[in-house]
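Values below: every heavy atom of this structure, side chains too, minus hydrogens, waters and symmetry copies. We count ligands from 1, going down the list as the structure has it; atoms in each ligand are counted the same way.
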Amino acid sequence: MFVDNKIENNVGILTIDRPKALNAMNPDVLWEIDQSIKKFIEDEDVGVIILTGAGEKAFIAGADIKVMQQLDRKGALDFGKLGQEITMTIEDSPKPVIAAVNGFALGGGCEISLACHIRFASENAKFAQPEVKLGLIPGWGGTQRLPRIVGKGIATELIIGGHMIDAQDAYRIGLVNKVFPLEILLEESIKFAQVILGNGPNSVAESLHCINYSAGQSLINGLDMEVESFSQLFETKETNEGLAAFVEKRKANFRP
Ligand code: DAK
């Protein structure tokens, strides 16, 4: 087993644990991540998912280079599709997924973090899309998601330079939301997860949906999607509860 899953107070914590290869992803690791994320999405006890790496050195040091060395074109296509499917499952998750990046997030590891809705990093975290150094290109969405997050110019520099940046630089360019000392990274990620859990689950899911799918849409189409999501919420108990709680001067109870 390369992935450890636990649920603490409605937060599903998925820890990638393959220390001898700095949590690099071989097909087994990828498959376990895929299954674990899907289970957390289906589990009613889970409202927010945190993805992190075991140990103090790596979040995920990328796809397993030794495995990639054995791939032919067909194998690369299958491996690439599995990775892309996982990043889509994460990005499309109606439950927020937080990457708690606790060390190296390289190549496919950086791409997994890019698919998460929020990235928190430890002070020792390092990010790179180093594929060009291996004669590759990012293949799990790096060329698509990185420019959307940090802008085309910076993303291009990172992808064709292949160099590593530290957590502070990642923060400066907007790649990570916050930086914490390693010892409190998970604790702070859980704290933010608890903030989200206090909010309406449907409102959170609809927000994620609108934010994700506004990219590439015209403003008019994006606004149409937003107003549709907004109005749908008026058929839910959650919205009744949220509005009533304000009027009655009490805290909303979205998860009775
Ligand atoms: N794969 C396999 N093993 C890895 C690994 C990786 N990505 N990263 C580290 N390891 C292993 C090392 O080989 C070493 O194992 P032993 O030699 O002891 O057996 C062990 O982890 C410890 O690593 P080091 O001894 O190198 O540790 P250092 O502290 O000296 O250096 C490092 C840490 C992270 C700087 C270094 O290990 C490193 O540069 N690792 C490679 C990082 C990298 O280039 N990652 C990106 C991989 S490319 C696709 C789509 C996407 C992708 C692929 C295909 N398709 C569409 C088909 C994704 C591509 C990538 O992710």
Exercise for the section: Return yes when at least one protein heavy atom is under 4.0 Å from atom 10 (N) of ligand 1, and no when none is. Expected result: yes
Handout entry: Closest contact, heavy atoms only, A128 versus G162
Key = CB-O, 4.2 Å
Problem - Evaluation steps, side-chain hydrogen bond (donor to acceptor under 3.5 Å, both in side chains), between S122 and N124 - result: CA-CA 5 Å; S122 57; N124 64 319; 2.5 Å; yes
Problem - 4.0 Å heavy-atom contact, P130 with ligand 1 - result: yes
Completion exercise
In ligand 1, the atoms that come under 4.0 Å of a heavy atom of G62 are 61 (O)
Exercise for the section: Name the closest protein heavy atom to atom 38 (C) of ligand 1, giving the residue it belongs to and the distance to 0.1 Å. Expected result: L106 CD1, 4.7 Å
Problem - atom 25 (O) of ligand 1 protein-contacted (non-hydrogen atom, under 4.0 angstrom) - result: no
Problem - atom 31 (O) of ligand 1 [closest protein heavy-atom partner, distance rounded to 0.1 Å] - result: L22 CD1, 4.6 Å
Exercise for the section: Please indicate, with yes or no, if any protein heavy atom is found under 4.0 Å from atom 19 (O) of ligand 1? Expected result: yes
Fill in the blank from the handout: Smallest heavy-atom separation, I90 atom then H117 atom, equals O-CE1, 3.4 Å
Exercise for the section: Return yes when K81 approaches ligand 1 closer than 4.0 angstrom through a heavy atom, no otherwise. Expected result: no
Completion exercise
Given the options E235, E238, K237, N202 meets side-chain hydrogen bond (donor to acceptor under 3.5 Å, both in side chains) only with E238
Exercise for the section: Find out whether L146 and L175 are in side-chain contact, i.e. whether some heavy atom of one side chain is under 4.5 Å from a heavy atom of the other. Expected result: yes
Handout entry: Heavy-atom gap L136 to ligand 1 smaller than 4.0 Å
Key = no
Fill in the blank from the handout: Between D169 and I165, the two heavy atoms sitting closest are CB-CB, 4.0 Å
Problem - E131 neighbourhood, listing ligand 1 atoms whose heavy-atom distance to it stays under 4.0 Å - result: 59 (C), 60 (C)
Practice task
Check L134 against ligand 1 and report side chain, backbone, both or neither, counting heavy atoms closer than 4.0 Å.
Solution key: side chain
Problem - Heavy-atom side-chain proximity of T156 to P147 below 4.5 angstrom - result: no
Exercise for the section: Indicate, with yes or no, if L114 and V179 share a hydrophobic cluster defined by side-chain heavy-atom contacts under 4.5 Å among Ile, Leu, Val, Met, Phe, Trp and Tyr. Expected result: yes
Exercise for the section: Select one of side chain, backbone, both or neither to describe which atoms of Q84 lie under 4.0 Å from any atom of ligand 1, heavy atoms only. Expected result: neither
Exercise for the section: Would you confirm whether any non-hydrogen atom of the protein falls under 4.0 Å from atom 36 (C) of ligand 1? Expected result: no
Exercise for the section: Under 4.0 Å from a heavy atom of D64: give me the atoms of ligand 1 that qualify, with their elements. Expected result: 1 (N), 2 (C)
Practice task
Could you tell me the residue and atom name of the protein heavy atom closest to atom 41 (C) of ligand 1, and the distance to it rounded to 0.1 Å?
Solution key: I65 CD1, 3.7 Å
Exercise for the section: Considering the heavy atoms of K20, write down every atom of ligand 1 situated less than 4.0 Å from one of them. Expected result: 15 (O), 20 (C), 21 (O)
Practice task
Identify the protein heavy atom lying closest to atom 57 (C) of ligand 1, giving its residue, its atom name and the separation to 0.1 Å.
Solution key: A76 O, 2.9 Å
Practice task
Without swapping roles, check the side chain of E241 against the backbone of A252 for a donor-acceptor pair under 3.5 Å.
Solution key: no
Handout entry: Nearest protein heavy atom with distance in Å, relative to atom 55 (N) of ligand 1
Key = G80 CA, 3.5 Å
Exercise for the section: Taking S229 for its side chain and E226 for its backbone only, find out whether a donor-acceptor pair lies under 3.5 Å. Expected result: no
Extract all donor-acceptor atom pairs below 3.5 Å that involve side chains of residues 45-66 and protein atoms in other chains or at least two apart in sequence.
| unit_1 | atom_1 | unit_2 | atom_2 | d |
| --- | --- | --- | --- | --- |
| T52 | OG1 | A100 | O | 2.8 |
| D64 | OD1 | K66 | N | 2.8 |
| D64 | OD1 | V67 | N | 3.2 |
| D64 | OD2 | R18 | NH1 | 2.7 |
| D64 | OD2 | R18 | NH2 | 3.0 |

Name the atoms and distances for all side-chain donor-acceptor pairs under 3.5 Å in residues 187-194, with sequence neighbours left out.
| unit_1 | atom_1 | unit_2 | atom_2 | d |
| --- | --- | --- | --- | --- |
| E188 | OE2 | K191 | NZ | 3.1 |
| S189 | OG | L185 | O | 2.7 |
| Q194 | NE2 | N9 | O | 3.2 |

Exercise for the section: Check M68 against ligand 1 and report side chain, backbone, both or neither, counting heavy atoms closer than 4.0 Å. Expected result: side chain
Fill in the blank from the handout: In ligand 1, the atoms that come under 4.0 Å of a heavy atom of G139 are 50 (C), 51 (C), 56 (C)
Practice task
Starting from atom 12 (C) of ligand 1, locate the nearest protein heavy atom and write down its residue, its atom name and how far away it is, to 0.1 Å.
Solution key: K66 NZ, 4.6 Å
Exercise for the section: Give the residue, atom name and distance (to 0.1 Å) of the protein heavy atom nearest atom 58 (C) of ligand 1. Expected result: A63 CB, 3.6 Å
Exercise for the section: Would you please determine whether K126 falls within less than 4.0 Å of ligand 1 on a heavy-atom basis? Expected result: no
Handout entry: Under-4.0 Å protein heavy-atom contact, atom 61 (O) of ligand 1
Key = yes
Exercise for the section: For atom 28 (P) of ligand 1, grab the closest protein heavy atom and report residue, atom and distance to one decimal in Å. Expected result: K57 NZ, 3.8 Å
Practice task
Answer yes or no: is there a donor N or O on one side and an acceptor on the other, between the side chain of K126 and the main chain of D166, under 3.5 Å?
Solution key: no
Handout entry: Non-hydrogen atoms of K133 and G161 that approach each other most closely
Key = NZ-O, 3.8 Å
Problem - From A24, G108, A21 - option closest to atom 6 (C) of ligand 1 by heavy atom - result: A24
Problem - Residue part near ligand 1, for A61, under 4.0 Å between non-hydrogen atoms - result: both
Practice task
State whether the side chain of K95 and the backbone N or O of D43 hold a donor-acceptor pair below 3.5 Å, judged by distance alone.
Solution key: yes
Exercise for the section: Please answer whether the main-chain N or O of W140 pairs with a side-chain N or O of E111 as donor and acceptor at a distance below 3.5 Å. Expected result: yes
